[in-house]
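Small disclaimer: the values here were computed from a predicted structure and weren't measured.
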Amino acid sequence: MNLATAMALGDSSSLWCFMPKLTPSPLSFKLDFRGGILGLPPSSMACSIEAEKPPNRTTELQPVNDQAHGSIVRKFNKDMASFHKPLSVSNISAYPNDDRKVRISFKGLPGSYSEDAALKAYPNCESVPCNEFEDAFKAVELWMADKAVLPIENSSGGSIHRNYDLLLRHRLHIVGEVQLATNLCLLALPGVRAEQLKRVLSHPQALALSDTVLNKLGVVQENVDDTAGAAQYVASNNLRDAGVVAGARTAELYGLNILAEGIQDDLSNVTRYLVLAREPIIPRADRPYRTSIVFTLDEGAGVLFKVLALFALREINLTKIESRPQRNCPLRVVDDSNMGTAKYFDYLFYIDFEASMAEPRAQHALGLLQEHAPFLRVLGCYPMDVAS
């Protein structure tokens with residue numbers, strides 16, 4: 001296996017195929033069923049996950065007082081069978097497996113658009129709602145969920161920068177994508193008409209996408225952290241002067257009526273979601289694949305141009321370029337004897353390109369990219385959602 005191929009399974013600084021597999025330290029965790037989202041009422045449906053250090057003590061294994069040694073082995077095997085079977089590369093599939101309920105973590109309450117995206121990818125999945133984006137990552141890392149579904153960009157609102165940062169902070173792998181068409185609806189309690197509304201609650205982006213319709217109604221727009229959370233708040237408090245911008249399925253879950261559908265300014269609005277898992281999938285070349293990478297560059301004239309040319313010369317289409325500041329080292333000081341000392345912003349570059357790591361052209365491009373990049377990590381190589 002050459003270096004570029006091995007990069008499909010990790011970053012260039014810690015390629016798994018050249019390192020012994022380390023046994024992870026045990027983690028204990030607690031579930032804190034706390035209040036709702038941004039001041040909304042408490043809900044038992046969303047969880048916050050907090051990792052704790054294991055207690056500083058040793059536990060001695062006590063033998064089972066059975067008459068035969070074989071019964072000890074049988075009891076041990078029975079106890080081990082109660083644990084979830086760890087997933088491996090061979091059974092992490094990019095395609096939905098409807099024969100088994102896949103546990104999907106996401107940010108928000110049941111009925112949110114993130115849950116809609118999870119159900120599109122895995123129709124029979126079991127939802128694991130979380131309060132924050134990072135909680136959704138931790139749910140997968142702590143084996144409370146098999147995969148996480150998180151929004152990464154919207155065709156009108158642009159990139160979700162928080163999730164780009166979390167992709168780098170955590171070690172999950174992108175194993176799929178979901179493109180979900182946005183259908184924003186105006187919801188209210190049964191019997192309430194649109195002209196009776198004085199305020200409308202929703203996620204800031206949902207309010208921005210339906211700004212024209214809401215301005216015509218002359219209502220006050222109030223931001224909350226989740227569209228489904230807004231619906232729960234209005235329903236649980238019987239707010240007859242408040243409406244909600246959310247999805248049609250949200251209305252059904254929380255007993256609200258749909259006053260209007262498709263109220264977004266751009267009827268072709270689409271949100272792209274990423275599917276994350278603990279293990280990467282093995283890239284293939286039997287269907288269109290997308291590869292996502294992140295890297296840094298040394299300072300120099302035309303360095304970024306040279307890197308982009310590596311893909312253009314191999315006819316690899318770039319579909320996304322995003323830059324984010326390096327938090328640990330946001331500024332780079334360069335001392336030039338002729339020009340004096342200068343400061344530059346130091347950036348991470350995220351790139352999506354249409355090619356599979358199973359293709360030699362992608363392997364060659366990343367192999368040459370290493371010559372310019374002090375840091376390079378492959379976030380995932382996964383099938384494209386071409387059905388949307």
### Message
How close do P325 and L348 get, counting heavy atoms only, and between which atoms?
### Response
O-CD1, 4.4 Å
### Query
Under 3.5 Å, is there a donor-acceptor pair linking the side chains of T271 and N154?
yes
### Query
Are F375 and F295 close enough that their ring centres sit under 6.0 Å apart?
no
#### Entry: Nearest-0.5 Å distance, CD of residue E279 to CG of residue L172
10.0 Å
### Task
Determine, step by step, whether I174 and V275 satisfy the side-chain contact (heavy atoms from CB on, under 4.5 Å) criterion, reporting the C-alpha distance in whole Å, the side-chain angles of both residues, the deciding distance to 0.1 Å, and the verdict.
CA-CA 6 Å; I174 307 173; V275 182; over 6 Å; no
### Query
Quick one: does Y289's side chain have a donor or acceptor within less than 3.5 Å of a partner on M357's backbone?
no
### Message
Testing the basics here: between V149 and A117, what is the closest heavy-atom pair and its distance to 0.1 Å?
### Response
CG1-CB, 4.0 Å
### Query
Under a single-linkage definition using a 4.5 Å side-chain heavy-atom cutoff for Ile, Leu, Val, Met, Phe, Trp and Tyr, are L168 and F137 assigned to the same hydrophobic cluster?
yes
### Message
Just so I know, are the side chains of E261 and N183 near enough to count as touching, which here means a heavy-atom distance under 4.5 Å?
### Response
yes
### Task
Measure the spacing between CD1 of I316 and CD of E354 and express it to the nearest 0.5 Å.
10.5 Å
### Query
So, for S105 and A136, which heavy atoms are closest and what is the spacing to 0.1 Å?
OG-O, 2.9 Å
#### Entry: Under 3.5 Å donor-acceptor, R287 side chain and M384 backbone
yes
#### Entry: Side-chain donor-acceptor contact under 3.5 Å, T291 with Y382
no
### Task
Verify salt bridge (Lys or Arg N to Asp or Glu O under 4.0 Å) between K320 and E153, making sure each step is shown before the conclusion.
CA-CA 10 Å; K320 177 76 174 179; E153 61 179 328; 3.3 Å; yes
### Message
So which atom in G108 and which in P129 form the shortest heavy-atom distance, rounded to 0.1 Å?
### Response
O-CB, 3.2 Å
### Message
If we check side chain to side chain contact (heavy atoms under 4.5 Å, CB included) with F106, which of these qualifies: S127, C125, P151?
### Response
S127
### Query
Can you find a heavy atom in the side chain of V294 that is under 4.5 Å from one in the side chain of L379?
yes
### Cluster link V220 to L187, ILVMFWY, side chain under 4.5 Å
no
### Query
Less than 4.5 Å apart, any side-chain heavy atom of L308 and any of I351?
yes
### Query
Is I321 linked to L366 within one hydrophobic cluster, defined over Ile, Leu, Val, Met, Phe, Trp and Tyr using a side-chain heavy-atom separation of less than 4.5 Å?
yes
#### Entry: Trace of the side chain to side chain donor-acceptor pair (under 3.5 Å) decision for S292 with D352
CA-CA 4 Å; S292 298; D352 293 342; 2.6 Å; yes
### Query
So, R249 and E115, do they make that salt bridge, N to O below 4.0 Å?
yes
### Side chains of F353 and I293 in contact at under 4.5 Å (non-hydrogen atoms)
yes
### Query
Hey, is the main chain of V270 close enough, under 3.5 Å, to the side chain of S155 for a donor-acceptor pair?
yes
### Task
Starting at OG of S202, measure out to CD of Q221 and round the result to the nearest 0.5 Å.
9.5 Å
#### Entry: Of D135, D225, D226, the residue whose pairing with K107 passes salt bridge (charged side-chain N to carboxylate O under 4.0 Å, His left out)
D225
### Task
Decide yes or no on side-chain contact (heavy atoms from CB on, under 4.5 Å) for L180 and D116, but give the supporting numbers first.
CA-CA 8 Å; L180 187 69; D116 289 344; 3.8 Å; yes
### Query
Do NZ/NE/NH1/NH2 and the carboxylate oxygens of R272 and E177 come within less than 4.0 Å?
yes
### Query
Just checking, any donor-acceptor pair under 3.5 angstrom between side chains of E141 and H170?
yes
### Task
Working to the nearest 0.5 Å, report the span between CG of L297 and OG of S323.
11.0 Å
### Task
Report yes if some heavy atom in the side chain of L274 is under 4.5 Å from a heavy atom in the side chain of L150; otherwise report no.
no
### Task
Before giving the answer on side-chain contact (heavy atoms from CB on, under 4.5 Å), spell out for Y122 and K147 the whole-Å C-alpha distance, their side-chain angles and the decisive distance to 0.1 Å.
CA-CA 10 Å; Y122 302 92; K147 295 181 175 69; 3.2 Å; yes
### Message
Quick check: do D265 and D211 have side-chain heavy atoms less than 4.5 Å from each other?
### Response
yes
### Message
Less than 6.0 angstrom from the centroid, inside 45 degrees of the normal: does R278 satisfy that with respect to the ring of W143?
### Response
yes
### Task
Can you measure from CG (N257) to SG (C185) and round to the nearest 0.5 angstrom?
12.0 Å
### Query
So, for L109 and G229, which heavy atoms are closest and what is the spacing to 0.1 Å?
CD1-CA, 3.6 Å
#### Entry: Verify same cluster id: L209, L267 (apolar side-chain graph, 4.5 Å)
no
### Query
How are the rings of Y350 and Y164 set relative to one another: parallel (under 30°), tilted (30 to 60°) or perpendicular (over 60°)?
perpendicular
### Query
How about E252: does its CD atom have over 12 heavy atoms from other parts shown lying under 6.0 Å from it?
no
### Query
Between the side chain of Y254 and the main-chain N/O of V234, is any donor-acceptor distance below 3.5 Å?
no
#### Entry: Side chain proximity check, F349 to V307, heavy atoms < 4.5 angstrom
no
### Message
Please tell me whether V192 and V219 are part of a single hydrophobic cluster in this structure, the criterion being side-chain heavy atoms less than 4.5 Å apart.
### Response
yes
### Task
Kindly determine whether N223 and H203 satisfy side-chain contact (heavy atoms from CB on, under 4.5 Å), including the steps that lead there.
CA-CA 6 Å; N223 295 336; H203 187 277; over 6 Å; no
### Message
Are V200 and E222 packed together at the side-chain level, in the sense that at least one heavy-atom pair is separated by less than 4.5 angstrom?
### Response
no
### Query
Closest heavy-atom contact between I104 and A118?
CG2-CB, 3.6 Å
### Query
Counting heavy atoms not belonging to E195, are there more than 12 under 6.0 Å from its CD?
yes
#### Entry: Nearest-0.5 Å distance that lies between atom OG1 in T250 and atom CD1 in I258
9.0 Å
### Message
Checking side-chain polar atoms at under 3.5 Å, does T182 have a donor or acceptor matched by the opposite partner on Q264?
### Response
no
### Query
Is R290 salt-bridged to D385, going by a charged N under 4.0 Å from an acidic O?
no
### Query
Quick one: do R103 and E126 make a salt bridge, cutoff under 4.0 Å?
no
